[in-house]
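What follows is one structure encoded as structure tokens, with my remarks underneath.
We name chains A, B, ... by the order of the sequence lines, and we start the count at 1 in each one.
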There are 2 protein chains.
Amino acid sequence: MSQSKRAELIRKALMLFYRNGFHATGMDLVARETGVSKTSIYKHFRTKEELILAVLRLRDENFRNWLYRRMEELADTPKGQLLAMFDALGEWFREDNFKGCMFIKASAEFQEHDHAINAQAYAHKQLLVDHFEALARQAGLSDPHVSARQLLILKEGAIVIAAMSHTDTSAKEAKRIAEDLLA
Amino acid sequence: MSQSKRAELIRKALMLFYRNGFHATGMDLVARETGVSKTSIYKHFRTKEELILAVLRLRDENFRNWLYRRMEELADTPKGQLLAMFDALGEWFREDNFKGCMFIKASAEFQEHDHAINAQAYAHKQLLVDHFEALARQAGLSDPHVSARQLLILKEGAIVIAAMSHTDTSAKEAKRIAEDLLA
DNA sequence: TCCCTCATTAACTGATCGGTACATATTTAT
DNA sequence: ATAAATATGTACCGATCAGTTAATGAGGGA
């Protein structure tokens, strides 16, 4: 299987898992929708879990690239970028295929304490916190680490409410809190 | 089936679904663990979805009762109670069997736009917001509705992070934000 | 005692689960 | 050109999925 074929398999599997959930998406469906037979899939991923982990790696890359870039496009100061994150989230919430945070959902479906999928989901959040913390430090905030973790709480809360309510208002509400936090 | 038998069935099913997830928990396992045969279960619940909805009703009742009572025990002013919510959440996070918010997980597994389970999960959050809003109004806040929704965002964010990180620090971090909000 | 009713159950349905054995292309090396 | 190696698809594995069928059980009224 070529590198591009493999990448497309992961990309299509991502859409299926994101839309339908992990347990609810069978490997037969993955094979049918990707046009790659199950045997071939299992040649490159020993288990469904390994495929999910590969999907989460792609999602982490795509999502953080998109978010960081959008934050930079919307503002040119560190503090402005942290606030602009909530505008970017609002754009995401308004997308037709918005279905919440893939990592929250992965963690919810595989929450055994030491599960690799749970660990990888949390690793994604830690990378986000690291980015926020760097920006908070550049912005001259007194406690960049705490501020970063607080921004993460606001972000996750806004996403959860947006996914359940099918509205984007939580983005603005969270932004107002962040404005106080960073003032 | 007696009323108490039915209540115990729902109670045991709740634990199974909370621990293992909804799709991952089969009806055979529910029958085995509750000691009630599948046929009897399906006599009282036409589908698995109906059982899940009954479970969520029980969870809504239990969780809100517990949270509201704990908030009242920990503080005697409206504002104090809203802040005490985060102390109560911290207690919850430290429980051995803490596995995140059942409604977030239900919504994540059944997120089709108009799904009854999703709707019921969101209804639970709306009941929480209503309670927060009443307290915010009693506390004399200028915009009780927005404050209530912001507190919900903090609560959900703290829960998601606690579930993924297996720590309780998000409770304190969220509380510090709430203290600014309600100041 | 007999019959009726209703709750309960074991055993089963076809479909799907994650994963595999094996036979058949297709590619690569010589 | 040919043989070895790799990639792929079909057809299947036992287990489990949500849900049902047909038989059994106990309890109550006459």
Side-chain angles (χ1 to χ4, degrees), chain A residues 1-57 102 105-106 108-112 114-118 120, chain B residues 1-57 105-106 108-112 115-118 120:
Chain A
M1 183 180 289
S2 68
Q3 205 65 20
S4 65
K5 270 276 194 188
R6 182 190 161 98
E8 189 174 330
L9 165 63
I10 296 175
R11 195 178 54 78
K12 287 183 176 171
L14 191 156
M15 293 200 308
L16 290 170
F17 287 134
Y18 184 57
R19 281 209 278 259
N20 308 335
F22 296 94
H23 284 104
T25 302
M27 292 300 280
D28 291 271
L29 181 66
V30 172
R32 196 183 321 136
E33 292 290 315
T34 60
V36 180
S37 73
K38 272 208 297 181
T39 314
S40 289
I41 295 177
Y42 276 99
K43 212 74 169 185
H44 295 273
F45 304 95
R46 282 182 6 211
T47 61
K48 182 183 184 181
E49 178 181 326
E50 276 196 12
L51 174 59
I52 293 175
L53 289 171
V55 162
L56 292 182
R57 272 191 292 275
M102 191 157 200
K105 299 199 294 184
E109 287 201 51
F110 305 92
Q111 65 194 156
E112 300 92 68
D114 52 352
H115 199 294
I117 290 177
N118 198 334
Q120 189 157 326
Chain B
M1 182 181 290
S2 68
Q3 205 65 18
S4 65
K5 270 278 195 186
R6 182 190 162 98
E8 189 174 330
L9 165 62
I10 296 175
R11 195 177 54 79
K12 285 184 176 170
L14 192 156
M15 293 201 310
L16 291 170
F17 287 133
Y18 184 58
R19 281 209 279 258
N20 308 335
F22 296 95
H23 284 103
T25 302
M27 291 299 280
D28 290 273
L29 181 66
V30 172
R32 197 183 321 136
E33 291 291 316
T34 59
V36 180
S37 73
K38 271 210 294 182
T39 316
S40 289
I41 296 177
Y42 276 100
K43 212 74 168 186
H44 296 273
F45 304 96
R46 282 183 6 210
T47 62
K48 184 183 184 181
E49 178 182 324
E50 276 196 14
L51 174 60
I52 293 175
L53 288 171
V55 162
L56 292 182
R57 271 190 293 274
K105 300 199 294 183
E109 287 202 51
F110 305 92
Q111 64 193 157
E112 299 92 68
H115 200 295
I117 291 176
N118 199 334
Q120 189 157 327

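Considering only residues two or more places apart in sequence or on other chains, Gln120(B) meets the side-chain hydrogen bond (donor to acceptor under 3.5 Å, both in side chains) condition with none of them. Legend: residues meeting side-chain hydrogen bond (donor to acceptor under 3.5 Å, both in side chains) with His115(A), ordered by chain and number and at least two apart, are absent. In terms of the side-chain hydrogen bond (donor to acceptor under 3.5 Å, both in side chains) criterion, Lys43(A) has no residue partners (sequence neighbours excluded). Applying the salt bridge (charged side-chain N to carboxylate O under 4.0 Å, His left out) rule to Glu33(B) yields no partners; only residues at least two apart in sequence or on another chain are considered. Every side-chain contact (heavy atoms from CB on, under 4.5 Å) that Thr39(A) has, sequence neighbours left out, goes to Ser37(A).
Identified under the salt bridge (Lys or Arg N to Asp or Glu O under 4.0 Å) test for residues 19-30 of chain A, with sequence neighbours left out: Asp28(A)-Lys38(A). The side chain to side chain donor-acceptor pair (under 3.5 Å) contacts involving residues 45-54 of chain A comprise nothing, where partners must be two or more places apart or lie in separate chains.
What separates CD1 of Ile52(A) from C1' of dG18(C) is a distance of 11 Å, to the nearest Å.
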Across nucleotides 11-22 of chain D, 5' to 3', mark each nucleotide with B, S or - according to how protein heavy atoms within less than 4.0 Å reach it.
------SBBBB-

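Contact check on Glu8(A) versus Lys12(A) returns a salt bridge, with a Lys/Arg side-chain nitrogen under 4.0 Å from an Asp/Glu carboxylate oxygen.
Rounded to 10 degrees, the angle separating the terminal helix axes of the helix from dT1(C)-dA30(D) to dT30(C)-dA1(D), each built from five base pairs, is 10°.
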